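Report on the following structure.
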Amino acid sequence: MDEQPRLMHSHAGVGMAGHPGLPQHMQEGTGGADGDGRKQDIGDILQQIMTITDQSLDEAQARKHALNCHRMKPALFNVLCEIKEKTVLSIRGAQEEEPPDAQLMRLDNMLLAEGVSGPEKGGGSAAAAAAAAASGGAGADNSAEHSDYRAKLAQIRQIYHTELEKYEQACNEFTTHVMNLLREQSRTRPISPKEIERMVAIIHRKFSSIQMQLKQSTCEAVMILRSRFLDARRKRRNFNKQATEILNEYFYSHLSNPYPSEEAKEELAKKCSITVSQVSNWFGNKRIRYKKNIGKFQEEANMYAARTAVNATNVSSHGSQANSPSTPNSAVLKMSHFHKNGIF
DNA sequence: ATAAATGATTTCGC
DNA sequence: GCGAAATCATTTAT
């Protein structure tokens with residue numbers, strides 16, 4: 001790998017006979033005026049062009065300048081342009097427009113939905129609202145945890161934005177750098193604006209793929225945050241005793257059909273100061289757990305049955321007679337009746 | 001420390 | 001979209 005350049009370099013050295021500054025060399029050629037000398041001249045120039053990249057920076061710079069000033073330069077340049085024209089035509093086929101990436105769209109949408117890429121402060125509350133909606137309730141007790149969540153989300157958003165900006169800046173910097181480079185090079189070799197465009201497009205594609213990675217990891221971070229915090233809904237609290245009693249009361253007094261209507265759920269929710277979904281959850285859990293082990297709930301069932309029975313008698317007897325003989329039998333009977341009927 | 005209870009979530013069929 | 005069932009993650013009881 002080291003061998004080739006050195007070889008070429010030495011070649012160039014030989015061809016150049018010491019290191020005459022190009023102008024003097026030229027003068028010699030012009031003075032000579034015979035065809036042989038001119039051929040030699042062109043050969044030298046081509047050789048120099050071919051080996052220009054093998055030279056040290058200063059050397060190359062000097063030589064480049066010399067070449068630029070060479071009287072043959074326009075002619076050579078035209079030839080190069082011509083050749084390029086032909087080859088470029090064959091290359092041109094490889095230009096496919098990528099459609100807007102579905103994956104990228106998904107990421108963008110999610111980031112927007114989570115309020116990471118959206119507007120500044122409104123995004124946070126939007127995400128919070130979305131989160132609350134997704135959780136299906138529990139809108140009561142979450143100010144502390146919620147602000148914590150929001151703070152973390154803001155942190156993510158901040159990192160995301162600074163990173164994005166950094167990439168953007170780096171991309172722009174790099175692009176202008178490359179463009180300048182190409183523009184500068186276009187003085188010595190033919191570069192069409194189209195090519196520069198293409199180059200810029202390539203650069204942008206590369207950088208946007210990096211951005212996509214950033215978006216991906218940001219999405220991941222948000223997901224983790226969500227599962228950590230909004231699942232902090234799992235940091236549940238048991239309902240207070242009163243609420244549980246109200247719910248149990250309804251359950252056991254509707255044991256034949258323990259499916260409260262939407263209205264009933266709302267009513268229960270209000271009475272227990274919990275959400276409707278929590279009521280639904282409670283009944284779902286209760287039904288399945290009751291069914292799974294009726295025996296275990298027998299006592300509880302009797303108790304609530306007795307209570308409702310007492311209430312009923314109290315109401316019917318207009319509160320005059322303290323009727324407390326607690327006869328749960330009817331309730332129990334009702335209950336077992338429903339069990340046997342295969343309601344469960 | 002471990003088991004039981006419990007509210008919430010997920011999965012699946014309708 | 002609802003409910004059954006399984007499961008998770010926590011709280012409460014032992």
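If you're wondering where the values come from, they're calculated on a predicted model, not measured in any experiment. We name chains A, B, ... by the order of the sequence lines, and we start the count at 1 in each one.
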Take atom [atom1] of [X] and atom [atom2] of [N], then tell me their distance rounded to the nearest Å.
| X | N | atom1 | atom2 | value |
| --- | --- | --- | --- | --- |
| Arg287(A) | dA8(B) | CZ | P | 14 Å |
| Ile288(A) | dC8(C) | CD1 | P | 16 Å |
| Asn281(A) | dC8(C) | CG | C1' | 13 Å |
| Asn285(A) | dT10(C) | CG | C1' | 13 Å |
| Phe251(A) | dG7(B) | CZ | P | 13 Å |

- Query: Hey, is the main chain of Lys270(A) close enough, under 3.5 Å, to the side chain of Ser273(A) for a donor-acceptor pair?
  - Reply: no

- Message: Looking at dG7(B), I'd like to know if its phosphate oxygens (OP1 or OP2) sit under 4.0 Å from a side-chain N or O belonging to Gln278(A).
- Response: no

- Within the structure, does a side-chain N or O atom of Arg237(A) lie under 4.0 Å from either OP1 or OP2 of dT10(C)? no

- Query: Any ion pair linking Glu163(A) and Lys166(A) (charged N to carboxylate O, less than 4.0 Å)?
  - Reply: yes

- Bend of the helix from dA1(B)-dT14(C) to dC14(B)-dG1(C) from end-axis comparison, five pairs per end, nearest 10°, comes to 0°

- Message: Ring centres under 6.0 Å, that's the criterion: do Tyr252(A) and Phe297(A) meet it?
- Response: no

- Looking only at non-hydrogen atoms, find the nearest pair between Val276(A) and Lys265(A) and report the distance. CG1-CB, 4.0 Å

- Using only heavy-atom distances, determine whether the side chains of Asn285(A) and Arg287(A) contain a donor-acceptor pair under 3.5 Å. no

- Item | Lys286(A) atom NZ: more than 12 heavy-atom contacts under 6.0 Å | yes

- Message: Under 6.0 Å from the ring centre and within 45 degrees of the ring axis: does the NZ or CZ of Arg157(A) meet both conditions for the six-membered ring of Tyr160(A)?
- Response: no

Contacts under 3.5 Å, N or O only, protein and nucleotides 3-6 of chain B:
{"residue": "dT6(B)", "atom": "O2", "partner": "Arg236(A)", "partner atom": "NE", "Å": "3.0"}
{"residue": "dT6(B)", "atom": "O2", "partner": "Arg236(A)", "partner atom": "NH2", "Å": "2.3"}

- Query: With sequence neighbours excluded, what pairs up with Gln213(A) under the side chain to side chain donor-acceptor pair (under 3.5 Å) test?
  - Reply: none

